[in-house]
Amino acid sequence: MFAKILIANRGEIAIRVARACRELGIASVAVYSEADRDALHVKAADEAYLLGPATPAESYLNVAKILEVVRESGAEAVHPGYGFLAENAAFARALEEAGITFIGPPASAIDAMGSKTRARELMQAAGVPIVPGTTEPVATAEDALAIIKADIGFPVAVKAAGGGGGKGFRVALTEDELPGAFEGAAREGEKFFSDATVYLERYLPDPRHVEVQILADKHGNVIHLGERDCSIQRRHQKVIEESPGPLVDDAMRERIGKIGVDAAKAVDYVGAGTIEGLLSSETGEYFFLEMNTRVQVEHCVTEMVTGIDIVKEGIRAAAGHELSYAQDDVVLRGHAIECRINAEDAARNFAPAPGRIGHYKEPTGPGVRVDSGVEAGGEVTPLYDPMVAKLIVWDADREQATQRMLRALAEYEIGGLKTLLPFHDALLRTEQWARGETCRDLMEDKGWLKQLAFPKAPKASADDAQDAPTVEQAYTVEVSGRRFDVKVIGPAFGGAGTPNGSAPAGAATAAKPRRGERKSSGAGGVGGADLLEAPLQGNMWKVLVEQGQAVEEGQLICIIEAMKMENEITAHKAGVVAELMVKEGEAIASGAPIARITAAVPAAE
Ligand code: MV4
């Protein structure tokens, strides 16, 4: 076994790996950026090294610097966690060449699965079912139309070959939508993966995202640990995961498990990996989508129902050990659910909500597991993933696990910033969740989400005005040299004397002007009321309007990418874009002007 492992990651997954190392008697080395000097993952490891400045490129993605720390620390192996360098074949190769073990599959397997067209070709050859479509890249929208008419039919999914996880994914329901979908997928592929190549798949209506957990060793043993259902997603980001899948019975588990094992064997996989696929709820067909060649965020639900430590098995496999389990040893017991606790505001389109964590208390008790990367006083920066913790519960069945999750969510106290805690609470109380549906309608419905985050806002302001407790405040005032004692009696809102120091949610939201919304108007038409400002810091990913264009209130103006999320910025009023102050690709500060929207067509200068 390794004596020392370097963990090339941060946050909850770095802590998860450090814990596995401790249990295996392996020394752990943390690395950190300047922004993470006081981070929890630094304390979780036996030693820690500074990589560099806060930006990922200068720290957690800095291969040269990480290799230097590997040498300096004397680590024999590197665990990449997920994200950052986890699926970077060049990094795996660089370690291999330096005689260091990469805790993951061989670089060739990362490469094979990295190109989605190549992966589809390989899977087809291995007898793994893929969504009907092309395995060859499609050059133009005209070529695509010919293939669709001959083979696939509409609706069709257009996907970037370098993509994955929903980036570069477009749908064309009809022929009219094909050129836009094709260009969109190609453009996004170029932007994110420097590869404009796209391929086509038949679009499946409302499928379930079902994935298979794989473990493989260097002796040719490959097993599966059953499935996870991750159908509850928002903009291709998973929000809630569970195991077993609500629609999967033993026979189906055996069928899709075998598909997963065949897929892993086809690329000589080693370690922990996941086959992602789509399960048609209509026909029960299961199709390979892609393979994630790393440990995943949601591995915990599988650990809870199988009792198998996936991270420890991955480390043991990398060290050349045989798997501790045969397929027959794997039994799924009970039901596990995971809620991702992101620092996001569900009411504001899931906008990132970075900040300093104030009060902090994690839930405990029977069947509850919290994998978190934060503590009281810790800073959540917009530079990294918004997921601050994962709340995982186990119970005998889905219904009881849901009740246990609601209990644990209620026990979880996170002060100082907005999180998805109230969102999860509301979602798990819906009929759709109880029936085991995909909740696609709920995830897309903006009105429902708004209601979620401010459940009592309109009612509270009306009720509280009547029933609010009153406070008395005594002042001494001086008028013309004479002193008087005065008492002021009024409602407890907003002033001193509110029980917990903050105004009720309804009153506070109503009173506080938010960025990007109308502000007090200056003189003339060029005042603050015209200005649309960036509600958060990030990167200008897409600008959808041009100067001089007429816009409706609520129309999409641009998309800012921050903390790995796309944030839609909409027009705060109807009018004309008199001035556009932003460009695609540039960094944007919080509060920076985006556009000036005036009521009338701007006069010629
Ligand atoms: C699809 C699809 C329908 N048909 N592909 C790709 C990335 C992943 N995050 C979701 N992806 C989808 N690919 C074809 N051919 C529908 C989705 C999809 C989805 C699938 C299952 C559960 C939730 C989903 C949410 C959005 C899109």
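All ligand and atom numbering here is 1-based and tracks the order in the structure.
Residues Y60 and Y384 place their aromatic rings such that the two centres sit under 6.0 Å apart.
Within 4.0 Å of ligand 1, contacts by protein heavy atoms are made from V131, A157, K159, G166, F169, E201, R202, Y203, L204, P207, R208, H209, S231, Q233, H236, L278, R440.
When side chains are defined from C-beta on, F169 does not count as touching V158, because their heavy atoms never get closer than 4.5 Å.
For residues 156-165, the salt bridge (Lys or Arg N to Asp or Glu O under 4.0 Å) pairs, not counting sequence neighbours, are K159-E201.
Take K238 and apply the side-chain hydrogen bond (donor to acceptor under 3.5 Å, both in side chains) test, not counting sequence neighbours, and it matches E211, E276, E298. Among residues two or more places apart in sequence or in another chain, the side-chain hydrogen bond (donor to acceptor under 3.5 Å, both in side chains) test is passed with E142 by none.
Formation of a donor-acceptor pair under 3.5 Å by the E227 side chain with backbone atoms of G245 is found in this model.
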